[in-house]
Every structure is written in C-alpha cells, then in structure tokens.
Amino acid sequence: MAHGLLTIDLGAVVRNWHRLCEIHASGAVAAVVKANAYGLGAAPIATALKEAGCRHFFVATVEEGEALRDVLGEGPMIAVLDGFRARQHPRLTPVLNNLEEIRAHSGPVILHVDSGMSRLGLPVNELEALARDPALLEGIEPLYIMTHLAAAEEPEHPLNAAQIARFNEACLSLPRARRSIANSSGIFLGPRFASDLARPGAALYGINPTPGRPNPMEPVLRLEGQVLQVRDIPAGQTVGYGGSWMATRPSRIATIGLGYADGLPRRLEGRLIGDFRGQPLPLVGRVSMDLMTFDATGLQRMRPGRWVELIGPNTRDVDAMAALCGTIGYEVLTSLGSRFRREYLPV
Ligand SMILES: *Cc1c(COP(=O)(O)O)cnc(C)c1O
C-alpha cells in the first residue's frame with residue numbers, strides 16, 4: 001500500500017499543451033514524455049495529449065519508445081532522442097547525433113545539430129559535409145533538422161542568439177528540411193525561435209518556462225503523504241535521526257510515510273511546511289528514507305490515515321518545492337520515484 005499519492009490533472013496538461021500551441025502558432029507542438037513524462041506517467045499523459053491532437057512525441061530511449069508505441073498504437077511519431085540503438089526499432093523515429101549513426105540508418109530520421117550545447121548532435125561542419133555528399137544521405141529521409149537550446153530560460157543569455165544564428169546557417173545546407181528548435185522556454189523566446197516543431201516537456205507539467213516572471217502554465221500536480229502514526233511527546237524530547245529537533249513544549253508529532261527514497265531530500269529539514277486541512281504543518285527533524293515527521297501540535301483531528309499535502313493548491317507549486325530543495329522543478333518531478341500511487345483527473 002503506497003503512502004504517497006500523486007494526483008495528476010490530465011485536463012491541465014492538455015490545456016497547457018493547447019496554450020503552447022497558441023503561442024507557437026507557426027508550427028506544430030510535440031510533447032516530450034521522456035523519463036515517464038518527467039515522473040508523472042507517460043502512458044496516461046501521452047494518451048490524453050494524443051486525444052487532444054498531439055501528433056509528435058519525444059522519448060529518451062528505445063525502451064521508452066517501444067512502451068509508448070504499445071500505448072499509442074500506430075500514427076503519432078515517436079522520436080527517440082538517443083537514436084543510437086534505434087536501428088532495430090522501425091516503429092520509432094531515431095534522432096541521429098553523428099555521421100556513424102547516419103550511415104547505419106535508413107528511412108525517416110531526425111538529424112540533431114549541435115549549435116552550442118556541446119552535448120549530443122552533429123557539429124555544424126558535419127551537417128554541411130553531409131549535405132555535400134549525396135551518398136551519405138542516400139536512404140535516409142530527414143523529417144526534421146533539430147537543435148536544442150542551452151539557456152532558453154534566460155532570454156538575455158548570449159547563447160540563444162549565437163545558437164540560432166549557427167543553426168540557421170547550418171540549415172542552409174539542407175534548405176528543404178523542416179526544423180525543430182524550441183523546448184518549453186524556447187517557445188517564449190519569440191518568433192526567431194519558432195520552427196516547424198517545438199518540443200516542450202516541462203511546461204506541459206506546470207513547470208514555469210519563464211523563471212522570474214509569472215508562470216503562464218497551469219499546475220498539474222498535487223503530492224500528498226499519508227499519516228502513519230501520531231504521538232504526543234513531552235518538552236525536551238528530540239525527534240528523528242541525530243536528535244536534530246527538540247520539542248520546546250509538549251508536542252504532537254505526525255509521521256508520514258514518505259522520505260528521501262520518494263524524492264523528498266534531506267535538505268528539506270527546517271524548510272518544509274506541509275498542509276493539513278488548511279493548517280500549516282512544519283517538518284521537524286531529519287527526513288528519513290521512508291518517513292518524515294511534522295509538528296501537529298494543537299491539531300486535534302490529526303490521525304493515522306489522514307493526508308498531508310506537500311505540493312498542491314494549499315501549499316506550493318513544483319517550482320517552489322524545487323527552490324526549497326535547492327534544485328529545479330525538472331529534478332523534483334523526475335525524483336518522485338515509483339512508490340507513489342498515481343491518480344489521474346480525467347480531461
Ligand atoms: C528534454 C528535452 C526537451 C524538453 O525540454 P523542456 O525544457 O522540458 O521543455 C526538448 N528537447 C530535447 C533535445 C530534450 O532533451
């Protein structure tokens with residue numbers, strides 16, 4: 001029995017996708033559902049987006065791609081960002097990152113150009129070499145030339161202008177191929193970053209693609225933990241590993257069945273406040289692997305079996321949780337782990 005509950009609002013995911021389609025009106029909008037849709041569940045999310053009209057999906061690995069194809073059936077493109085092993089997977093569209101992969105493949109592919117991220121992708125000069133050598137291109141059908149922005153969430157960052165200039169120049173060598181540029185934040189960088197296919201992930205899941213400005217996306221996620229035990233302790237007694245928190249008054253401690261194994265890091269000690277029916281519930285003591293302890297003093301109705309919200313409408317969004325954890329929303333979501341029950345609010 002899971003003691004963590006993730007409630008995922010599929011309607012909000014779909015509305016976020018429609019919102020991105022409005023902003024990126026000059027081209028199509030894919031859905032990046034790698035890492036199990038950032039931990040929220042690739043199958044239900046991709047199914048809802050397919051029904052909403054999404055025709056392009058991106059995953060990281062062939063395993064993710066094959067599983068998604070079984071769910072979605074024939075029709076939508078499923079592109080694998082790591083095209084390295086995609087040759088034996090004709091149901092998937094490989095993203096090819098170097099000449100060796102290109103030589104090994106045939107059929108529809110996406111060519112990934114590295115315009116300044118220095119991570120994956122063909123250097124610009126290799127794309128040009130490819131375009132000059134028809135033998136290399138024989139048998140492959142480039143559906144898109146793609147690039148990935150390294151600093152799209154910082155509109156003023158010089159890398160954005162540098163990457164788009166380098167990419168546009170590289171594309172001159174294959175002028176007829178369609179292009180795919182923006183991730184979530186890239187969609188908000190304006191028309192120069194629009195392309196035939198945007199590739200948002202984070203924004204679909206409610207992460208703010210415009211950090212420092214109001215979040216244009218709807219929240220998608222509620223995270224709750226179930227109370228396993230409630231105990232009253234006298235003043236002077238400590239709570240948890242290391243005795244790092246001491247009650248300064250007679251206190252009521254509520255223990256919930258979530259911990260750092262569920263993606264709630266030890267760094268939350270002294271920082272996190274949960275919510276129980278509108279009442280603030282401070283985390284006290286260390287976060288354990290499977291348990292967290294909250295100060296529920298004065299909360300008469302706190303009992304085993306009750307639920308405490310940590311992310312959601314009464315507490316905070318994913319970005320605020322990320323700030324408490326000293327990381328980004330992406331890492332919060334993908335760290336949530338497999339022990340949660342995931343419930344889906346229908347579209
Ligand atoms: C993960 C990823 C995306 C999606 O990025 P978000 O910032 O989540 O929108 C797009 N393109 C590539 C190549 C990626 O690896």
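When reading the values below, keep in mind they use all heavy atoms of this one structure, side chains included, and skip hydrogens, waters and symmetry mates. In listed order, ligands and their atoms are each counted from 1.
- Distances shorter than 4.0 angstrom do not occur between any heavy atom of M117 and any atom of ligand 1.
- Taking atom 9 (O) of ligand 1 as the reference point, the nearest protein heavy-atom neighbour is S184 OG, 2.5 Å.
- Of the protein's non-hydrogen atoms, K34 NZ, 2.9 Å is the one closest to atom 14 (C) of ligand 1.
- Checked by distance only, ligand 1 and A202 come closer than 3.5 Å through their nitrogen or oxygen atoms.
- Ranking protein heavy atoms by distance to atom 8 (O) of ligand 1, first place goes to Y38 OH, 2.5 Å.
- In terms of protein heavy-atom proximity, atom 11 (N) of ligand 1 is closest to R199 NE, 3.0 Å.
- Residue R119 approaches ligand 1 through these ligand atoms, each under 4.0 Å from one of its heavy atoms: 15 (O).
- A donor and an acceptor atom, one from each side chain of S173 and E128, are nowhere located under 3.5 Å apart.
- Using a 4.0 Å cut-off between heavy atoms, H112 makes no contact with ligand 1 at all.
- The atoms of ligand 1 that sit less than 4.0 Å from any heavy atom of P200 are 9 (O).
- Residue R266 places its CZ atom among 12 or fewer non-hydrogen atoms of other residues, nucleotides or ligands, all under 6.0 Å distant.
- Distances shorter than 4.0 angstrom occur between a heavy atom of Y330 and an atom of ligand 1.
- Ion pairing between D82 and K34 fails under the 4.0 Å rule for side-chain N and carboxylate O.
- For the pair Y144 and H56, the minimum side-chain heavy-atom distance is below 4.5 Å.
- Using a 4.0 angstrom heavy-atom cutoff, E153 does not count as in contact with ligand 1.
- Residues R341 and E224 are not paired through a salt bridge, judged by the lack of any N-O separation under 4.0 Å between the basic side chain and the carboxylate.
- For the pair T315 (side chain) and G274 (backbone), a donor-acceptor distance under 3.5 Å is absent.
- Contacts between I207 and ligand 1 below 4.0 angstrom, taking non-hydrogen atoms only, are absent altogether.
- Residue L81 places no N or O, backbone or side chain, under 3.5 Å from any N or O of ligand 1.
- Each of the following atoms of ligand 1 lies closer than 4.0 Å to a heavy atom of M146: 13 (C).
- In the model, R192 has no side-chain atom that pairs as donor or acceptor with a side-chain atom of N168 under 3.5 Å.
- Annotation: the span from L258 atom CG to D290 atom CG amounts to 9.5 Å, rounded to 0.5 Å.
- Side chain to side chain, E269 and S244 meet the donor-acceptor criterion of an N or O pair below 3.5 Å.
- A salt bridge links D70 with R91: at least one charged nitrogen is closer than 4.0 Å to a carboxylate oxygen.
- Within the structure, ligand 1 lacks A203 among the residues with a heavy atom less than 4.0 angstrom away.
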